[in-house]
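These values consider heavy atoms only, across backbone and side chains, with no hydrogens, waters or symmetry-generated copies.
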Amino acid sequence: QVQLQESGPGLVKPSQTLSLTCTVSSGAIRIGSGYWSWLRQPPGKGLEWMGAITGSGATYTNPTLRSRTSIFRDTATNQFTLQLTSVTPEDTAVYYCASSQQYINRPPSLASYDRTGQGIQVTVSS
């Protein structure tokens with residue numbers, strides 16, 4: 001069974017760079033195809049799509065986060081990484097990685113994706 005698993009720090013200080021990695025566990029599914037996305041849900045707010053990277057390495061990012069967001073992939077390890085610079089307490093959220101065969105940038109819910117990770121809580125605080 002294919003699983004996606006987020007990893008990274010649970011606590012980040014303001015102004016630092018947040019780096020999260022999503023590992024795709026099954027070798028049968030390679031990140032060389034499809035769309036691999038990052039989303040987040042701040043406390044008490046809705047789901048926000050942050051960006052995605054395609055099987056060919058092209059990236060798409062939410063315009064509101066574009067200046068601070070980068071997404072990378074490592075096909076050798078079947079992982080993709082989110083970097084968010086200059087974090088503030090407003091970046092506190094549960095972060096999710098997800099996969100899909102189509103480009104989805106306005107998901108009503110995580111159920112819009114084929115697979116999602118369980119999520120990782122990230123708190124930005126000094």
Side-chain angles (χ1 to χ4, degrees):
Q1 183 176 358
V2 177
Q3 292 185 339
L4 278 65
Q5 180 66 59
E6 305 89 352
S7 60
L11 178 64
V12 185
K13 293 183 178 180
S15 80
Q16 290 186 338
T17 295
L18 169 65
S19 183
L20 297 174
T21 296
C22 183
T23 300
V24 182
S25 65
S26 172
I29 302 296
R30 307 301 302 180
I31 61 172
S33 64
Y35 293 83
W36 304 87
S37 297
W38 284 99
L39 306 101
R40 67 181 182 179
Q41 187 162 20
K45 297 183 179 180
L47 189 65
E48 180 181 33
W49 176 80
M50 301 183 70
I53 188 165
T54 71
S56 62
T59 56
Y60 302 86
T61 52
N62 187 321
T64 65
L65 298 170
R66 185 163 295 156
S67 64
R68 300 196 292 132
T69 303
S70 298
I71 299 176
F72 307 95
R73 65 173 187 153
D74 185 336
T75 56
T77 59
N78 228 26
Q79 295 176 323
F80 61 109
T81 298
L82 168 74
Q83 287 190 348
L84 183 67
T85 63
S86 304
V87 298
T88 71
E90 286 66 43
D91 294 310
T92 294
V94 178
Y95 286 74
Y96 300 91
C97 59
S99 68
S100 60
Q101 291 302 307
Q102 294 81 33
Y103 177 57
I104 303 172
N105 66 346
R106 295 180 180 179
S109 72
L110 291 174
S112 302
Y113 294 89
D114 299 330
R115 298 175 184 87
T116 61
Q118 63 183 16
I120 182 171
Q121 172 69 49
V122 175
T123 300
V124 180
S125 174
S126 56

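- Not a single donor-acceptor pair under 3.5 Å links the side chain of Thr23 to the backbone N or O of Ser25.
- Contact record, Thr81 with Ser19: CG2-OG, 3.6 Å, taken as the closest heavy-atom pair.
- The minimum heavy-atom distance linking Glu6 with Gly117 is given by the pair OE2-CA, 3.1 Å.
- Distance check, rounded to the nearest 0.5 Å: OG1 of Thr21 to CZ of Phe72 gives 11.0 Å.
- Note on Tyr60 and Leu39: same hydrophobic cluster, where clusters join Ile, Leu, Val, Met, Phe, Trp and Tyr whose side-chain heavy atoms are under 4.5 Å apart, directly or indirectly.
- Note on Trp38: it clusters hydrophobically with Leu65, by side-chain heavy-atom contacts below 4.5 Å among ILVMFWY residues.
- There is no path of hydrophobic side-chain contacts, each under 4.5 Å, that joins Leu20 to Tyr96.
- In this structure, Leu18 and Tyr95 approach most closely via the heavy-atom pair CD2-CZ, 3.9 Å.
- Listed here is the closest heavy atom pair of Ser109 and Leu47: C-CD2, 3.7 Å.
- Formation of a donor-acceptor pair under 3.5 Å by the Ser126 side chain with backbone atoms of Lys13 is not found in this model.
- Ring geometry for Trp49 against Tyr103 counts as perpendicular: the plane angle is over 60°, on a 0 to 90° scale with 30° as the lower cut.
- Rounding to the nearest 0.5 angstrom, the gap separating the CG atom in Leu84 from the OG1 atom in Thr69 is 5.0 Å.
- Inter-residue side-chain proximity for Ser100 and Asp114 is flagged as met; some heavy-atom pair is nearer than 4.5 Å.
- In terms of hydrophobic clustering, with Ile, Leu, Val, Met, Phe, Trp and Tyr side chains grouped at heavy-atom distances under 4.5 Å, Val24 and Tyr113 are assigned to different clusters.
- Note that CD1 of Ile120 and CD of Gln5 are 8.0 Å apart. Values are rounded to the nearest 0.5 Å.
- In this structure, Thr116 and Leu110 approach most closely via the heavy-atom pair CG2-O, 3.7 Å.
- Considering CZ of Phe80 and OG1 of Thr59, their distance stands at 13.0 Å, rounded to 0.5 Å.
- Going from atom CG of Asp74 over to atom CD of Gln79 covers 6.5 Å, rounded to the nearest 0.5 Å.
- Side chain of Arg66 to backbone of Thr61: a donor-acceptor contact under 3.5 angstrom is found.
- Taking all atoms of both residues into account, the shortest heavy-atom contact from Thr92 to Pro43 is O-CD, 3.4 Å.
- Under a 3.5 Å cut-off, the side chain of Ser70 and the backbone N or O of Gln83 do not form any donor-acceptor pair.
- Residue Ile104 is not grouped with residue Trp36 when hydrophobic side chains (ILVMFWY) are merged at heavy-atom distances under 4.5 angstrom, including chains of intermediate members.
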Q) Step by step, would you call Val122 with Val12 a side chain to side chain contact (heavy atoms under 4.5 Å, CB included)? A) CA-CA 7 Å; Val122 175; Val12 185; 4.2 Å; yes
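- Of the inter-residue distances, the one linking Met50 atom CE with Arg68 atom CZ reads 7.5 Å to the nearest 0.5 angstrom.
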